[in-house]
Undergrad: 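Got a structure for you, written out below as structure tokens; questions coming shortly.
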There are 2 protein chains.
Amino acid sequence: MQDIHSDYLRFTERANAKPITLNANIEMTKKEQIKNASAKLFRKKGFTATSMQDIAEVVGVKAASLYNHIGSKQEILKDLLINIADAFTKGMSDIENSTLNAIEKLEALIDLHVDLTIKYRDSIALITGEWVHLESPELDKYKKQRNEYEEQFLSILTQCKTDGHIHPKTDIDIALYSILSSLHWLYSWHNKNKNVSRIELAKQLKVSLLRGIVV
Amino acid sequence: MQDIHSDYLRFTERANAKPITLNANIEMTKKEQIKNASAKLFRKKGFTATSMQDIAEVVGVKAASLYNHIGSKQEILKDLLINIADAFTKGMSDIENSTLNAIEKLEALIDLHVDLTIKYRDSIALITGEWVHLESPELDKYKKQRNEYEEQFLSILTQCKTDGHIHPKTDIDIALYSILSSLHWLYSWHNKNKNVSRIELAKQLKVSLLRGIVV
DNA sequence: GTATTGCACTAATACTTGTTAGTTTATGTC
DNA sequence: GACATAAACTAACAAGTATTAGTGCAATAC
């Protein structure tokens with residue numbers, strides 16, 4: 001379990017031009033390589049347990065050389081987390097401003113989580129635990145953003161209830177966190193056994209999380 | 001969010017007799033105090049980011065003095081994790097050996113998670129992330145125990161399906177991890193806003209996770 | 001061809017880490 | 001009161017931490 005480390009970013013060539021071309025489709029600057037490697041390591045060992053040497057080793061460079069590309073270890077974490085936090089905020093905003101009805105918005109949120117989980121394979125893992133290692137102004141910003149996201153999620157859930165699409169006896173708060181937990185943890189199991197397609201995964205989750213599995 | 005640290009184990013008296021009596025009901029040996037403080041800190045900052053000094057400070061002692069009671073930092077983590085892993089294994093075994101039908105077993109599992117989450121407030125948080133810092137023989141033992149637990153959970157789910165209580169189109173694996181994610185993350189939100197009773201919480205979860213919230 | 005830049009290197013920094021050794025202090029037992 | 005024991009303390013350890021400074025090389029720009 002969780003012993004995933006495809007090392008598509010491990011190579012030894014000297015970085016001459018700024019963007020290295022691995023093949024026609026994959027271009028990565030050293031900074032991107034560092035962030036990628038860090039995400040993978042932070043996910044596997046945690047932020048604190050990951051040393052700059054660990055990161056450097058994966059990138060194929062000495063630890064001190066990393067500082068030619070990044071400001072600090074903390075900055076890497078910050079960049080990674082802000083990136084996905086913004087992706088979620090943007091996705092939520094698009095859904096809110098759409099013309100979908102409340103239930104459709106709920107389903108769109110599930111799609112959003114599935115898409116971002118696949119897109120940000122590694123760094124998305126950080127939102128479940130490693131964000132606590134953010135330092136001051138960013139930590140507060142992150143927490144604020146996260147709270148807003150949850151409130152907007154709750155608001156859509158509430159709308160569903162007032163529309164009569166959710167059973168009146170349902171505790172909306174419990175439902176919210178129950179759903180969010182599943183969605184946050186998606187990354188840890190979404191390709192564990194078999195490989196389900198993005199579409200099928202989202203479809204199944206809509207059933208499990210919304211319609212219920214018991215007949 | 002998650003800024004929970006009621007410090008009911010912070011005090012300054014000298015430990016004279018082995019079990020310190022705080023009041024009529026709460027007795028704790030120094031070792032238990034250390035494990036309690038550690039669980040709280042590991043939960044808040046993570047295993048690696050928590051120093052022996054941090055723990056010592058909460059217990060009210062110098063870091064070196066901790067070693068009069070425990071063998072190592074790693075041993076603390078090991079003790080905490082084995083403790084809850086065993087509790088889950090025991091609970092699962094009781095349920096499997098019961099005469100309940102498959103759906104009732106599923107509901108009993110939800111009760112189990114709710115009960116253990118409340119009972120082991122802090123150390124239960126470790127099962128979502130900090131277990132990766134276990135070292136060799138225990139790490140393998142822990143992973144094995146966890147896998148077995150998930151397989152048994154899956155087996156009950158499968159029984160529900162063959163009994164015709166779960167819609168045939170439902171992907172059992174996705175349902176399993178979706179449910180397990182919610183249950184594992186319970187600790188992080190179960191008393192976030194309002195204080196719901198154990199009974200009501202379990203009841204609501206059974207609806208959210210099994211029957212579905214959307215009508 | 002010279003200047004400039006990008007980037008990796010070595011070496012050193014100032015700390016912090018978990019843990020051990022050795023000593024002192026206080027209590028409970030006979 | 002003497003003794004054993006439990007458990008605190010101080011001091012020191014070896015190793016590892018993120019980060020900075022300074023150096024050298026190789027490609028690019030002019």
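To find a chain, count down the sequence lines: A is the first, B the second, and so on, and within it residues start at 1.
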Undergrad: NZ of B/Lys30 versus P of D/dT5: gap in Å, rounded?
TA: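 Rounded to the whole Å, the gap is 21 Å.
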
Undergrad: Just checking B/Thr48: base, sugar-phosphate only, or nothing, at a heavy-atom cut-off of under 4.0 Å?
TA: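 Nothing, no heavy atom under 4.0 Å.
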
Undergrad: Please state how far atom CG in A/Asp54 lies from atom C1' in D/dA15, giving the value in whole angstrom units.
TA: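 My rounded result for the distance is 15 Å.
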
Undergrad: Roughly, in whole Å, what's the span from NZ in B/Lys45 to P in C/dT17?
TA: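 Distance, rounded to whole Å: 8 Å.
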
Undergrad: Could you tell me how far apart A/Ile55 (CD1) and C/dA8 (P) are, to the nearest whole angstrom?
TA: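 Rounded to whole Å, this separation is 15 Å.
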
Undergrad: Mind jotting down which residue pairs meet the ring pair (Phe, Tyr, Trp, His ring centres under 6.0 Å) criterion with at least one end in residues 44-64 of chain A? Sequence neighbours excluded, please.
TA: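 Non-adjacent pairs meeting ring pair (Phe, Tyr, Trp, His ring centres under 6.0 Å): A/Phe42-A/Phe47, A/Phe47-A/His133.
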
Undergrad: Expressed in angstrom and rounded to an integer, what is the separation of B/Gln53 atom CD from D/dA12 atom P?
TA: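 About 17 Å, once rounded to whole Å.
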
Undergrad: Is the number of heavy atoms from other residues, nucleotides or ligands under 6.0 Å of A/Gln145 CD greater than 12?
TA: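 Yes, enclosed.
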
Undergrad: Run the side chain to side chain contact (heavy atoms under 4.5 Å, CB included) test on A/Ile82 and A/Glu138 for me, step by step, so that the C-alpha distance in whole Å, both residues' side-chain angles and the decisive distance to 0.1 Å come before the verdict.
TA: CA-CA 8 Å; A/Ile82 285 185; A/Glu138 282 82 14; 4.3 Å; yes

Undergrad: Take atom CE of A/Met52 and atom C1' of C/dC15, then tell me their distance rounded to the nearest Å.
TA: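 Taking atom C1' of C/dC15 as the reference, CE of A/Met52 is at 16 Å.
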
Undergrad: Roughly how many Å is it from CD in A/Gln33 to P in C/dC7, rounded to a whole number?
TA: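 These atoms are roughly 11 Å apart.
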
Undergrad: For B/Lys78 and C/dG18, give me the distance from atom NZ to atom C1', rounded to whole Å.
TA: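 Checked: the NZ to C1' distance equals 16 Å.
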
Undergrad: Within this structure, what is the CG-CG distance for the pair A/Leu134 and A/Leu77, rounded to the nearest 0.5 Å?
TA: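 If I round to the nearest 0.5 Å, the distance is 4.5 Å.
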
Undergrad: Quick one, which residues of residues 63-76 of chain B touch DNA chain C with a heavy atom under 4.0 Å?
TA: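 DNA chain C contact set from residues 63-76 of chain B: B/Ala64, B/Tyr67, B/Ser72, B/Lys73.
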
Undergrad: Just jot down the ring pair (Phe, Tyr, Trp, His ring centres under 6.0 Å) partners of A/Tyr149, sequence neighbours excluded, or say none.
TA: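 Once residues adjacent in sequence are excluded, the partners of A/Tyr149 under the ring pair (Phe, Tyr, Trp, His ring centres under 6.0 Å) criterion are A/Phe88, A/His113.
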
Undergrad: Does atom NZ of A/Lys203 have more than 12 heavy-atom neighbours, drawn from other residues, nucleotides or ligands, at distances under 6.0 Å?
TA: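 Open: at most 12 neighbouring heavy atoms sit under 6.0 Å from NZ of A/Lys203.
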
Undergrad: Any idea which of D/dT17, C/dC9, D/dC9 is nearest the B/Lys62 side chain?
TA: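 Side chain of B/Lys62 sits closest to D/dC9.
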
